[in-house]
Amino acid sequence: MELREAIRNRRSIRQFLAKSVSEDIIRDLITDTRWCPSWGNTQPWEVVVATGQKLEEFKKKNREALLAGKEAATDIPMPQVWPDDYRARYKELGKSVLGSLSIAREDKKARLQHFVKMFGFFDAPAAILVAVDKDLALEYAMLDAGIFLQTFCLLAHDRGLGTCILAAMVSYPKIVRELFSIPENKLFVMGAALGWPDPDAPVNCFERERGSLDEFVRWVK
Ligand SMILES: Cc1cc2nc3c(=O)[nH]c(=O)nc-3n(C[C@H](O)[C@H](O)[C@H](O)COP(=O)(O)O)c2cc1C
């Protein structure tokens, strides 16, 4: 796939086919992802790949925590207040996702069901989590982790796979640490669902928006 086409056509996938992704493919993806840049070539990412029974346990516990009303306790603090522009875009996205699923805003039950699906990683057959060491220059390591994740998502897209980067995967890092025996000094930055996209699902097809260059580019000459 041509690079520009991959960048323009990659999109978050929120419905997957019931078909597993082989360990060989995931290994290939990570092998290529390693070639992404990082500060001073430090490569500060640590990656957990979850599939099979362990992933199902993770989904179950994550969904249960959501349904029990557990407050998210991310390793990296989440923004509490969004500037107006950002909040508007966030809301628009919510409308698009729920609209594509024919869920009305006031239908609390259906909305909760969607969130439960999200906290079960949209039934993806694989998940990848990226962590960094607590003692690193965190902000820079976070940037490197982001570059890693985007590279992974593009490579997955190139293979016909779909991804959805998911804050919902790292909302309760205690679950991840306990289930996968991860030491306390590893901070989970973000996760992504991985699987074969359901091409016909409306939630994978709605129109997406991006801001115009005028909104965020300052030209200096
Ligand atoms: C850091 C980060 C966290 C995200 N968390 C979620 C999430 O919890 N749930 C979700 O449905 N999408 C999540 N997304 C996907 C974004 O909603 C998506 O990237 C954005 O709407 C742009 O759409 P696109 O990926 O289809 O181009 C996340 C994306 C990023 C980069």
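Order of listing sets the numbers, starting from 1, for every ligand and every atom in it.
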| task | Please round to the nearest 0.5 Å and tell me the distance separating atom CD1 of Ile128 and atom CG of Leu166. | result | 12.0 Å

| query | Which atoms of ligand 1 are found less than 4.0 Å from any heavy atom of Arg11? | reply | 26 (O)

| field | Atoms of ligand 1 close to Cys164 [distance to a heavy atom under 4.0 angstrom, numbered from 1] | value | 12 (N)

| query | Would you call Met169 a ligand 1 contact, heavy-atom distance under 4.0 Å? | reply | no

| said: Which of the numbered atoms in ligand 1 are under 4.0 angstrom from any heavy atom belonging to Ala168? | reply: 8 (O)

| Proximal atoms of ligand 1 relative to Leu93 (non-hydrogen, under 4.0 Å) | 17 (O), 21 (O)

| query | Of Arg208, Arg210, Arg8, which has the heavy atom at the shortest distance from atom 22 (C) of ligand 1? | reply | Arg210

| query | Are Asn185 and Asp133 close enough that some pair of their side-chain heavy atoms sits under 4.5 Å apart? | reply | yes

| query | Quick check, are the ring centers of Tyr90 and Trp82 under 6.0 angstrom apart? | reply | yes

| field | Nearest non-hydrogen protein atom, atom 16 (C) of ligand 1 | value | Arg14 NH2, 3.8 Å

| Based purely on interatomic distance, does Ala167 place a nitrogen or oxygen under 3.5 Å from a nitrogen or oxygen of ligand 1? | yes

| field | Heavy-atom nearest neighbour in the protein, as seen from atom 7 (C) of ligand 1, with distance rounded to 0.1 Å | value | Leu166 CD2, 3.5 Å

Quick one: side chains of residues 145-155, donor-acceptor pairs under 3.5 Å with protein atoms, not counting sequence neighbours, listed by atom name and distance.
unit_1 : atom_1 : unit_2 : atom_2 : d
Thr151 : OG1    : Ile147 : O      : 2.7

| query | How far is atom 6 (C) of ligand 1 from its nearest protein heavy atom, and which residue and atom is that? | reply | Ile165 O, 3.2 Å

| said: Rounded at 0.5 Å granularity, tell me how far CD in Gln113 sits from CZ in Phe115. | reply: 12.5 Å

| Of the listed options (Ala193, Ser12, Ser171), which comes nearest to atom 25 (O) of ligand 1 when hydrogens are ignored and any heavy atom counts? | Ser12

| task | Determine, counting only non-hydrogen atoms of the protein, whether one lies under 4.0 angstrom from atom 28 (C) of ligand 1. | result | yes

| task | For ligand 1, find out whether one of its N or O atoms is nearer than 3.5 Å to an N or O atom of Met118. | result | no

| said: So does Arg105 get a backbone contact from the side chain of Arg111, meaning a donor-acceptor N/O pair under 3.5 Å? | reply: yes

| message | Apply ring pair (Phe, Tyr, Trp, His ring centres under 6.0 Å) to residues Phe180 and Phe58 and explain how you reach the verdict. | response | CA-CA 9 Å; Phe180 304 147; Phe58 178 23; 5.5 Å; yes

| note | Residue set satisfying ring pair (Phe, Tyr, Trp, His ring centres under 6.0 Å) with Phe188, at least two apart, ordered chain then number -> none

| field | Protein heavy atom at shortest distance from atom 1 (C) of ligand 1 | value | Met190 CE, 3.7 Å

| Are Glu64 and Asn62 linked by a side-chain donor-acceptor pair shorter than 3.5 Å? | no

